[in-house]
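Scroll down for the structure; my scribbles are underneath it.
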Amino acid sequence: MDYPNLVAVLLAVAVLASLPAPSQQVKSGDMVVSGSGSESGFDKWVALNQQSYVVNAALYAKKAAGDGGKTLDANLSSAEAAKVTYVVDPKGKGDYTNITEALDAVPVGNTKRVILDLKPGEYREKLFINSSKPFVTFRSDPMDPAVIVWNDTAATLGKEGKPVGTVGSTTVAIESDYFVASGVVFKNDAPLAKPGAKGGQAVALRVFGTKAALYNCTIVGGQDTLYDHKGLHYFKDCVIKGSVDFIFGFGRSLYEGCTIVSVVKEVAVLTAQQRTKTIEGAIESGFSFKNCTIKGEGQIYLGRAWGDSSRVIYAFTEMGKEVVPVGWDGWNIAKPESSGIYYGEFKCTGAGSDARKRVGWALELTDEQAKPFIGTHYVFGDSWLTSPPSDT
């Protein structure tokens, strides 16, 4: 994700401010259509989000009725019934002194919930959990957490003497399914990239596997902090700090009760949700923020479109004064009002939450439009979300 130079940002602000205000939008049933008169599939896009919710709600009800309310998928149920714990302590009082060794001990094709009990301290390790090792849990005490940290950037040279790129800069990469973390700090402590600098992307955490849940974790970096890459993900009571596009990717993810913090005095962009497909094909992707808090320094954009079907929703979220009035940036999308972008807000609060000042192609959601996004049903959580791991 390239950092926009200041001139480009100022030009974007001018363009956004010139677009129709939300008050110029008209309603068609429960669908909002741009006041420009060009429907271009946007009404269909809004309707499909609601239709998807209705279908999924019916499926959940049928499944719960058929199996006594136990909706966990079979693989997960089996894994949770056969838990094992490895203690990782850098002081040598556990089974392993570093996380790399503990992960190496997880068998290929793992079928048990393997809990890595991470004792307090800094773990300067670059970690990768591949798809052959599902059901791994990182557990730590959030009051005295394990801090996993590395300092690669996209410009860092790899073994072959070539830049590792954004993906390669990651401190912790999760490509396995059913990953869980609780109370852990994921960090990329590379120096913050200067505005306009190339190769400054520095990912702290990349989640590519599906059915991943993070509870009370802290994810810290600058540009491209959290690569919400792909799959179903749930972030609960987490703190996420960054500068530009610091939550990005094409995952289908629910952020609930999280604190999102800009760490730069320049312009910050909170999300860059990626989706460049047909409206129908993009229905499975998007970020939903519920009961979150947005704060920090400088000016904060809620998101910019990394693809012409980008989808981000904020509900019941407190927005600090740093959030710019127009809210959103169409980035490289020539006609965001007709591309399939879905940017919406619902009953948000705070000095930066005035939906009346938003760019004309952003939605102030109705109750019905918001329903698909403001529960764990959005990530099909009934079938895979479990309670956070306890200390026992």
Side-chain angles (χ1 to χ4, degrees), residues 83-106 113-129 133 135-152 169-174 176 178-190 192 202-207 209 212-222 224-228 233-243 246-247 253 255-263 291-293 295-296 385-392:
K83 295 179 181 178
V84 295
T85 300
Y86 302 161
V87 176
V88 183
D89 187 345
K91 296 181 180 179
K93 297 181 179 180
D95 301 306
Y96 303 96
T97 59
N98 61 69
I99 302 170
T100 300
E101 291 177 348
L103 290 175
D104 287 344
V106 177
R113 172 62 67 188
V114 178
I115 299 174
L116 303 191
D117 184 6
L118 306 181
K119 297 305 179 183
E122 181 179 277
Y123 296 80
R124 186 158 283 277
E125 301 182 61
K126 189 176 177 74
L127 303 176
F128 175 72
I129 306 180
K133 297 187 177 185
F135 307 113
V136 171
T137 292
F138 287 0
R139 183 181 67 196
S140 183
D141 179 359
M143 302 303 295
D144 192 8
V147 180
I148 309 171
V149 58
W150 201 253
N151 62 351
D152 280 348
S169 73
T170 306
T171 298
V172 178
I174 310 297
S176 63
Y178 302 103
F179 176 78
V180 175
S182 179
V184 178
V185 177
F186 300 91
K187 187 173 184 179
N188 189 315
D189 65 354
L192 290 177
V203 180
L205 176 66
R206 179 172 71 91
V207 186
L214 285 87
Y215 302 93
N216 206 11
C217 290
T218 299
I219 307 165
V220 182
D224 292 8
T225 299
L226 171 57
Y227 197 168
D228 192 342
H233 306 146
Y234 180 61
F235 297 83
K236 173 68 171 174
D237 298 331
C238 293
V239 176
I240 305 165
K241 298 181 179 181
S243 59
F246 58 100
I247 301 175
S253 303
Y255 295 79
E256 188 169 13
C258 295
T259 301
I260 318 297
V261 184
S262 165
V263 298
N291 294 330
C292 293
T293 300
K295 60 184 180 179
L385 281 176
T386 58
S387 299
S390 65
D391 294 332
T392 58

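- One distance of note links CD1 of Ile99 with CG of Leu127; it measures 5.5 Å at 0.5 Å rounding.
- Smallest separation of non-hydrogen atoms from Val185 and Pro145: CG2-CG, 3.9 Å.
- Scanning for salt bridge (charged side-chain N to carboxylate O under 4.0 Å, His left out) contacts around Glu125 gives an empty result, with sequence neighbours left out.
- Inter-residue side-chain proximity for Pro388 and Asn216 is flagged as unmet; no heavy-atom pair is nearer than 4.5 Å.
- Judged as a salt bridge (charged side-chain N to carboxylate O under 4.0 Å, His left out), and not counting sequence neighbours, Lys241 has no contacts.
- The shortest side-chain heavy-atom distance between Val184 and Val172 does not fall under the 4.5 Å cut-off.
- No more than 12 heavy atoms of other residues, nucleotides or ligands shown are found within 6.0 angstrom of NZ on Lys295.
- Take Phe138 and apply the ring pair (Phe, Tyr, Trp, His ring centres under 6.0 Å) test, not counting sequence neighbours, and it matches Phe179.
- With contacts defined as side-chain heavy-atom distances shorter than 4.5 Å, the pair Arg113/Val180 qualifies.
- Exactly one of Leu226, Ile148, Thr171 qualifies for a side-chain contact (heavy atoms from CB on, under 4.5 Å) with Leu205. That residue is Leu226.
- Within the 4.5 Å cutoff, side-chain heavy atoms of Thr259 are placed close to those of Val261.
- Listed by chain and number, the residues in a side chain to side chain donor-acceptor pair (under 3.5 Å) with Tyr255 are Asp228 (sequence neighbours excluded).
- Under the rule for a ring pair (Phe, Tyr, Trp, His ring centres under 6.0 Å), Phe246 has no partner lying at least two apart in sequence or in another chain.
- Proximity of Val136 to Ile174: side-chain heavy atoms (C-beta onward) are nowhere separated by under 4.5 Å.
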Mind listing the side-chain donor-acceptor pairs of residues 85-97 below 3.5 Å, one per line with the distance, residues two or more places apart or on another chain?
from: Asp89; atom 1: OD1; to: Lys91; atom 2: N; distance (Å): 2.8
from: Asp95; atom 1: OD2; to: Val87; atom 2: N; distance (Å): 2.8

